[in-house]
Amino acid sequence: MKRTIAKLPESAPSVDAKTRYDRQYDLYLWTLEKQFDYGKWVLVSMLAAHTVLLVAIMSNSATPSLKASLPLVIGGIGAVLLAGALAWLNLFLSATINSAIIDDIEKSRTGYTDLRETFSSLAFWSALAAASVSLGFFIWAGIRTAAA
């Protein structure tokens, strides 16, 4: 499934520039809001899960098997922070792309293509990969603790 950036299809001549601009601007604001809300939810939930495990490991009553999973938890926290940075990069690139599209509509230019779209897609999929790695570390730490 290809991730689409808020871009309107080529409009028919019957749609005037003002309508195209209004639609693109509304889509731009909606995209920023939804990306921000989703990124915030993912980061908070994953950091909370890793922090609870980290607190359990650092407690005085932690078993040696629980303490042995500390490197996995730290790796998971690092992966969460990397996912957050990549999600911010995706949000920033999407915002600049949408701003450029709105600017093109204002100046009656067509055929907008840019390398930022490629980097935005790369940042999006890399953030998902980093979040998956973080989740993997969390699960691996839980299995390692339960097995010992």
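It should be emphasised that the depicted structure is a prediction, and the values quoted were computed from it without experimental measurement.
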Practice prompt. Output all residues satisfying side chain to side chain contact (heavy atoms under 4.5 Å, CB included) with Phe92, sequence neighbours left out; order by chain, then residue number.
Written response: Trp88, Thr96
Practice prompt. Check side chain to side chain contact (heavy atoms under 4.5 Å, CB included) between Leu72 and all other residues, then give those that pass, not counting sequence neighbours.
Written response: Phe137, Trp140, Ala141, Arg144
Distance from [X] atom [atom1] to [Y] atom [atom2], nearest 0.5 Å?
X	Y	atom1	atom2	result
Ser121	Asn90	OG	CG	7.5 Å
Ser69	Ile143	OG	CD1	11.5 Å
Arg23	Asp26	CZ	CG	10.0 Å

Can you give each donor-acceptor pair under 3.5 Å made by side-chain atoms of residues 74-84, sequence neighbours left out, with the distance rounded to 0.1 Å?
none

Worksheet item: Does the Ser134 side chain pair with the main chain of Ala130, one donor and one acceptor, at a distance under 3.5 Å?
Response: no
Fill in: ILVMFWY network linking Phe119 to Leu89, side-chain heavy atoms under 4.5 angstrom
yes
Fill in: Within one Ile-Leu-Val-Met-Phe-Trp-Tyr cluster: Leu29 and Leu91, side-chain cutoff 4.5 Å
yes
